[in-house]
Amino acid sequence: MEKIKKTIAILAGDGIGPEVMACAIDVLDAVANKYNHEFTYKEALIGGAAFDVYAEHCPKQTIDICKSADAILFGSVGGPVDAQNDPKWQACEAKSILALRKTFDFGVNIRPIKMFPALKDNSPIKNERIVNGADIEIFRELSGDIYFGEHKRFVNKEGIRCATDVAEYDEQTIRHIVRAAFKRAGERRKILTSIDKANVLDTSRLWRDIANEEAKNFPDVTLKHMYVDNAAMQLVLNPAQFDVIVTGNLFGDILSDLASVLPGSLGLVPSISLNKEGFGLYEPAGGSAFDIMGKDIANPIAQILSAALMLSYSFGMHEEAIAIDQAIDQVLAQGFRTADIAGGAESIGSKEITQKIVTALIESALTY
Ligand code: IPM
Ligand code: MG
């Protein structure tokens with residue numbers, strides 16, 4: 001096999017970001033060794049870590065490094081809960097993540113929610129509700145909606161403080177994400193659930209029109225519409241009914257957090273953001289978790305899975321990504337757990353579980 005060379009922008013960020021990133025890099029190094037690839041890591045500062053050096057959360061230096069890379073592997077940003085008024089931490093998540101999303105025009109966000117066979121008892125949902133497991137991909141529109149419309153605070157004529165946030169969508173933006181979700185559903189169980197609030201919102205009525213129009217191009221996929229309030233309930237009552245979900249930015253934000261508890265820990269859920277050129281950012285769904293920082297107890301699996309998704313989506317290294325998934329499954333099946341998924345029983349640290357995953361990967365039969 002010819003050596004494939006890729007450059008990865010490493011934005012470890014704050015809190016547990018750097019420590020779980022180190023775990024993901026150990027796994028990437030093992031992949032490079034086993035499959036004869038070459039990964040070059042270019043580290044860049046983001047979030048509070050960037051603020052310390054540049055007095056900005058997403059400096060130009062970081063953007064330039066991202067632009068020169070083949071993909072971005074992101075850790076997490078944000079400060080301790082009780083330090084949110086410190087300028088270093090004030091709106092840190094928004095100023096880092098939203099700036100990156102805007103700069104690279106990431107319109108498609110995919111959050112795969114999968115139960116791990118070895119962890120089925122970890123789900124907070126009763127076993128009989130998830131007998132068929134849950135294997136959902138949430139396609140969240142990431143570039144529009146109330147996130148990027150005008151935000152305004154003002155005092156009205158009566159002297160009352162007011163605020164408005166404008167939710168805005170155009171048909172191209174909706175079509176782009178809806179099409180991506182239809183394509184993905186076609187490769188999976190062929191059910192696409194579009195989630196909106198079309199009983200109230202015009203943005204949702206436009207969304208529904210576009211989804212119905214696109215359905216004609218994907219006759220083998222069944223399109224269902226669901227109101228967001230009902231969807232929140234259905235995700236808890238019967239998650240197995242969902243295959244691919246497509247929804248707007250705000251609803252996707254909320255529903256993906258709700259769905260991410262199904263596997264049993266936020267530390268197990270990765271996330272992909274892609275732009276129209278196919279350039280991608282990969283990150284764990286969880287945050288910087290300052291309370292457990294530096295204790296070697298954070299679950300590195302979401303960061304490792306984010307790296308696996310990068311291999312598959314950005315570099316076309318599908319076998320390698322499957323090998324990582326299988327190594328994780330194997331280590332969990334052997335009973336090894338980090339504290340978040342141990343349920344009070346014996347657990348091992350972030351570094352140790354990573355070494356188990358690396359060993360399983362090296363020893364796996366799956367090679368070219
Ligand atoms: C997410 C986060 C972000 C969002 C925040 C940190 C701005 O919650 O990626 O889901 O709301 O999109
Ligand atoms: Mg969120």
Side-chain angles (χ1 to χ4, degrees), residues 11-17 20-21 45-51 56-58 62 66 72-81 83-113 136-151 165-169 173 177 195 203 228 231-232 235 245-263 265-275 280-291 302-303 305-306 309-310 313:
L11 275 56
D14 307 314
I16 59 165
V20 289
M21 186 64 85
L45 296 171
I46 190 79
F51 192 88
E56 271 181 79
H57 293 93
C58 185
T62 295
C66 292
I72 305 171
L73 192 58
F74 187 98
S76 53
V77 290
V81 204
Q84 296 303 315
N85 290 329
D86 180 337
K88 174 174 170 180
W89 299 123
Q90 218 167 30
C92 171
E93 289 92 333
K95 284 180 188 156
S96 329
I97 300 180
L98 298 187
L100 281 171
R101 287 180 191 164
K102 210 176 172 80
T103 304
F104 290 97
D105 199 16
F106 291 125
V108 173
N109 180 229
I110 310 169
R111 299 188 168 180
I113 310 288
I136 307 170
E137 284 190 13
I138 300 181
F139 276 60
R140 166 186 176 194
E141 201 293 317
L142 206 60
S143 66
D145 203 356
I146 202 161
Y147 273 68
F148 293 100
E150 192 192 8
H151 303 291
D165 298 283
V166 177
E168 201 170 343
Y169 263 126
T173 305
I177 181 94
I195 295 174
T203 41
V228 62
L235 272 167
I245 284 174
V246 65
T247 189
N249 205 345
L250 183 63
F251 299 154
D253 176 46
I254 299 164
L255 292 179
S256 64
D257 261 32
L258 191 158
S260 72
V261 304
L262 296 174
S265 168
L266 204 50
L268 297 166
V269 183
S271 162
I272 312 170
S273 301
L274 297 170
N275 68 15
L281 177 150
Y282 301 82
E283 60 178 321
S288 58
F290 252 81
D291 51 330
Q303 189 75 59
L305 285 172
S306 302
L309 288 166
M310 174 183 74
Y313 276 77

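As the structure lists them, so they are numbered: ligands from 1, and atoms in each ligand from 1.
Counting heavy-atom neighbours within 6.0 Å of Glu168 CD, excluding the residue itself, gives a total of 12 or less.
The shortest heavy-atom contact between Gln84 and Gly79 is NE2-O, 3.3 Å. Shown here for Gly280 and Leu274, the closest heavy-atom pair between the two residues is CA-CD2, 3.8 Å.
In this structure, the protein non-hydrogen atom closest to atom 1 (C) of ligand 1 is Arg111 NH2, 3.4 Å. Nearest protein neighbour of atom 2 (C) of ligand 1, counting heavy atoms only, is Asp253 OD1, 4.0 Å.
Geometrically, ligand 1 and Tyr147 share a nitrogen or oxygen pair separated by less than 3.5 Å. Between Arg101 and ligand 1, at least one pair of N/O atoms sits closer than 3.5 Å.
Taking a cut-off of under 4.0 Å to the non-hydrogen atoms of Arg140, the atoms of ligand 1 that pass are 1 (C), 4 (C), 9 (O), 10 (O), 11 (O), 12 (O).
Among the atoms of Asp257, no N, O or S atom falls under 2.8 Å of the Mg ion (ligand 2).
Here the side chains of Arg111 and Arg140 are in contact, with some heavy-atom distance below 4.5 Å.
A donor-acceptor contact closer than 3.5 angstrom links the side chains of Glu141 and Tyr169. The closest side-chain donor-acceptor pair between Asn109 and Ser271 falls under 3.5 angstrom.
Under the 4.0 Å distance rule, the nearest protein heavy atom to atom 5 (C) of ligand 1 falls outside the cut-off.
Counting just the N/O/S atoms of Asp253, the one with the shortest distance to the Mg ion (ligand 2) is named OD1.
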